[in-house]
**Q** 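Sharing a structure, written as structure tokens. Questions coming.
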Number of protein chains: 2
Amino acid sequence: MKEELSERSKQILEAIIEDYIVTAEPVGSRTVTRRHGLSLSPATVRNVMADLEEMGYLVAPHTSAGRVPTDKAYRFYVDSLLQVNRIGRASQQAIQDRYSLTGRDVGAVLKQTSSMLSSMSHYLGIVLAPQFNTNIFRQIEFVKLSGKRLLAILVAQNGTVQNKIVETEDELGSADLIRMANYLNELLEGLTISQVKQRILAEMQNDKTRYDKLLARALELSEQTLEGVSSEVFIEGQSNIFEQPEFSEAARMKEIFRAFEEKSQLVTLLDRSLAAEGIQIFIGAETHLSQMEGMSLVTSTYMTGKHTLGVLGVIGPTRMGYAKVIPIVDYTAQLVSKLLEQE
Amino acid sequence: MKEELSERSKQILEAIIEDYIVTAEPVGSRTVTRRHGLSLSPATVRNVMADLEEMGYLVAPHTSAGRVPTDKAYRFYVDSLLQVNRIGRASQQAIQDRYSLTGRDVGAVLKQTSSMLSSMSHYLGIVLAPQFNTNIFRQIEFVKLSGKRLLAILVAQNGTVQNKIVETEDELGSADLIRMANYLNELLEGLTISQVKQRILAEMQNDKTRYDKLLARALELSEQTLEGVSSEVFIEGQSNIFEQPEFSEAARMKEIFRAFEEKSQLVTLLDRSLAAEGIQIFIGAETHLSQMEGMSLVTSTYMTGKHTLGVLGVIGPTRMGYAKVIPIVDYTAQLVSKLLEQE
DNA sequence: ATTAGCACTCGGCAATTTCGAGTGCTAATG
DNA sequence: CATTAGCACTCGAAATTGCCGAGTGCTAAT
């Protein structure tokens with residue numbers, strides 16, 4: 001069963017996949033010979049196709065139809081057959097042009113990125129925002145809103161802000177607030193947010209702070225500020241997927257949109273690419289998400305220096321134009337890395 | 001042409017509308033007599049229906065089909081026929097239960113509200129966040145990120161935070177930052193954000209500040225922080241609209257989703273309801289948005305005390321269940337008002 | 001090993017038919 | 001005079017049919 005594919009089989013498989021990518025219709029033996037310059041007769045191609053079907057690379061939707069590539073075929077295609085051409089100057093320019101240079105706000109940049117990925121690829125753009133955890137702590141501030149209600153504001157090095165309304169047991173004066181902030185700012189300077197979390201827990205055990213009520217309070221508040229920070233996902237260009245013929249039935253669409261509304265599953269998926277570096281491709285069932293049946297995900301990580309920040313990519317049907325999408329995703333990741341670097 | 005509708009005509013019109021609301025199919029004379037306890041023969045009903053059609057309340061999609069209500073009919077229905085029952089205890093409870101009480105963050109509450117409106121109505125939930133402009137200024141703070149890059153953080157009374165990265169011409173020391181913040185905090189205390197904007201402009205002309213470089217800088221920065229604050233819209237439950245038979249064609253769906261991606265148009269629409277108080281209903285063309293053809297919008301304002309904050313509501317097909325949706329929107333508006341009051 | 005030839009399959013499409021819900025008109029009715 | 005029964009007519013939806021053509025697998029010839 002573990003037979004190697006002959007050179008000819010590969011060519012034929014490639015032809016079928018590439019044809020299917022553009023037509024979205026089952027490909028017949030005839031078409032393979034016609035549209036691709038293979039000097040073979042349809043009959044020969046049919047034999048090869050029968051073999052490929054047996055090996056699980058193709059399926060025939062019904063007896064007298066052409067054949068359609070399986071996930072396995074795409075996997076093989078992406079791994080062995082596909083050669084990604086470098087991205088053209090024109091596309092680079094097009095991508096850059098989509099960024100209106102207004103706000104340098106990180107969130108806005110990422111949203112724009114997602115939207116740009118969608119319009120460049122005609123599929124769906126997706127961006128996972130940088131993990132707040134890996135940011136470097138910059139400053140914490142407390143603003144009194146009314147009575148016992150405080151607003152805690154935590155600023156990270158890259159300008160990301162995390163804020164939360166917290167209730168205190170008793171009213172604190174502004175002198176207290178300043179003292180608390182000063183104490184924390186000194187204590188936490190230069191740490192990453194995840195280190196900050198540890199440090200706070202450690203410090204809570206410390207005798208010095210344990211008996212200074214104000215400091216203890218400060219630690220408690222900062223802990224509250226940090227809890228429940230989940231990373232944001234931007235998905236843009238949902239209207240684009242209506243263009244894909246395979247997603248025209250309402251039932252299917254509904255399922256997909258529900259999946260996007262419930263972003264947590266997507267986060268798990270994206271977290272997997274976060275671990276790896278560079279381009280990652282998930283085809284159909286490889287996503288381990290039932291709603292992603294028939295869809296693929298192409299992602300890349302973006303980073304400052306050697307440090308991975310987040311993930312961005314494109315979601316489309318399994319028969320997406322990988323050759324076009326991969327360079328776009330790749331280049332965008334580099335671009336975003338550069339944009340965020342400056343910050 | 002300006003004839004009054006007879007009592008009987010009204011009853012029949014009402015029957016047709018209510019039937020159409022649940023079936024989404026053209027209603028015939030037969031059905032009207034059968035499903036609604038009118039002691040009239042189909043023939044009589046037909047005569048009345050012909051009149052109603054002439055008056056523009058009904059249209060027949062084709063010769064031998066039943067009739068379908070027009071926008072005009074819905075308008076009349078909503079204005080004169082519909083009697084909204086008070087919301088039941090059970091629904092009230094159901095609505096409250098949808099709020100997970102975790103974060104008291106305004107944004108989170110509104111998003112949850114939108115999502116809840118959708119799942120309660122089976123249509124689309126929409127919430128326009130409070131106009132930042134009407135908030136009361138609480139405090140401004142500057143955090144130095146690196147070199148000339150500052151993060152300006154503006155906090156409003158209700159805990160809403162607006163932050164923006166700004167570049168300064170030359171590096172400022174932390175003493176400078178504190179002095180700037182103090183000056184602004186004193187200057188702007190107790191004003192609403194829109195007053196703040198005016199005040200800043202006024203103060204820029206003032207001789208005192210005009211020649212104190214630091215103060216001038218402070219004003220400039222705070223002005224930058226305020227520019228380009230647009231109000232947020234939350235739309236949730238997009239997957240729900242796939243259940244409506246009238247929106248099953250891909251082309252239609254695509255158009256609608258594109259409209260939702262481009263939220264600015266919706267904001268204009270919602271701004272109109274913002275001006276009015278209480279429940280507002282826009283039917284089909286009344287929205288003045290071409291993409292909203294065949295759809296209606298039911299909104300209500302939410303407020304603290306006597307002050308209008310924002311708008312929330314439901315978008316659905318024109319044949320939506322107004323009798324059910326209106327109480328839900330109404331009650332939700334009250335609930336949100338109360339929730340935000342506490343803050 | 002490759003290919004030409006051939007009988008066969010089956011989905012898609014268009015033409016055709018049937019079916020029934022609904023209509024408008026007219027004449028009978030209380 | 002408003003109401004209703006009756007009737008011929010219309011027209012879309014759904015079912016039926018037949019045909020076309022792309023595609024297949026197998027066999028025999030090259």
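A, B, ... follow the sequence lines: proteins, then strands. Residue 1 opens every chain.
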**Q** Rounded to whole Å, how long is the line connecting atom CZ of B:Arg67 with atom P of D:dT10?
**A** 17 Å
**Q** From C-beta outward on A:Ala43, which listed nucleotide comes closest to its side chain: C:dA4, C:dG22, D:dT24?
**A** C:dA4
**Q** Taking pairing as Watson-Crick or G-U wobble with both contacts under 3.5 Å, can you name the mate of C:dT16, or confirm there isn't one?
**A** D:dA15
**Q** Check the distance between C:dG22's C1' and B:Arg34's CZ and give it to me in whole angstrom.
**A**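 For the pair B:Arg34 CZ and C:dG22 C1', the rounded distance is 12 Å.
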**Q** For A:Tyr57 and A:Ser9, does a side-chain donor sit closer than 3.5 Å to a side-chain acceptor?
**A**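 There is no such pair (donor and acceptor under 3.5 Å, judged by atom type) between the side chains of A:Tyr57 and A:Ser9.
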**Q** How would you label the contact of B:Thr44 with the nucleic acid (heavy atoms, under 4.0 Å): base, sugar-phosphate, or nothing?
**A** base
**Q** Nearest to the side chain of B:Ala50, heavy atoms from C-beta on, is which of D:dT10, D:dT3, C:dG24?
**A** C:dG24
**Q** To the nearest Å, how far apart are B:Leu40 CG and D:dA5 C1'?
**A**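 Whole-Å distance recorded here is 14 Å.
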**Q** Give the rounded distance in Å between these two atoms: CG of B:Asn47 and C1' of C:dA27.
**A** 14 Å
**Q** To the nearest Å, how far apart are A:His62 NE2 and D:dG25 C1'?
**A** 16 Å
**Q** So, does the side chain of B:Thr63 form a donor-acceptor pair with the base of D:dT10 at under 3.5 Å?
**A**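 No such pair is found, so the answer is no.
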**Q** Hunt down the Watson-Crick or G-U wobble partner of D:dC26, both distances under 3.5 Å, from any strand shown, or write none.
**A**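 Across any shown strand, D:dC26 pairs with C:dG5.
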**Q** Side chains of B:Gln92 and B:Arg89: do they bring a donor and an acceptor to under 3.5 Å?
**A** yes
**Q** Take atom CD of A:Glu53 and atom P of D:dG23, then tell me their distance rounded to the nearest Å.
**A**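 After rounding, the reported distance stands at 15 Å.
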**Q** Output the rounded distance in Å from CZ (A:Arg30) to C1' (D:dG21).
**A** 11 Å
**Q** Can you find a side chain N or O atom of B:Ser41 that sits less than 4.0 Å from OP1 or OP2 on D:dT4?
**A** yes
**Q** State whether a side-chain donor-acceptor pair under 3.5 Å links A:Ser118 with A:Ser115.
**A**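 No, A:Ser115 and A:Ser118 have no side-chain donor paired with an acceptor closer than 3.5 Å.
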**Q** Ignoring backbone atoms, test whether A:Thr31 places a side-chain nitrogen or oxygen under 4.0 Å from the OP1 or OP2 oxygen of D:dG23.
**A** yes
**Q** For A:Arg46 and C:dA7, what is the distance between atoms CZ and P respectively, to the nearest whole Å?
**A**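 Rounding to the nearest Å, CZ of A:Arg46 and P of C:dA7 are 15 Å apart.
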**Q** Using the side-chain hydrogen bond (donor to acceptor under 3.5 Å, both in side chains) rule, take A:Glu18 and A:Tyr77 through it: C-alpha gap first, then chi angles, then the decisive distance, then the call.
**A** CA-CA 9 Å; A:Glu18 289 180 351; A:Tyr77 175 69; 3.1 Å; yes
**Q** Counting only heavy atoms not in B:Lys111 (residues, nucleotides, ligands), do more than 12 fall under 6.0 Å from its NZ?
**A** no
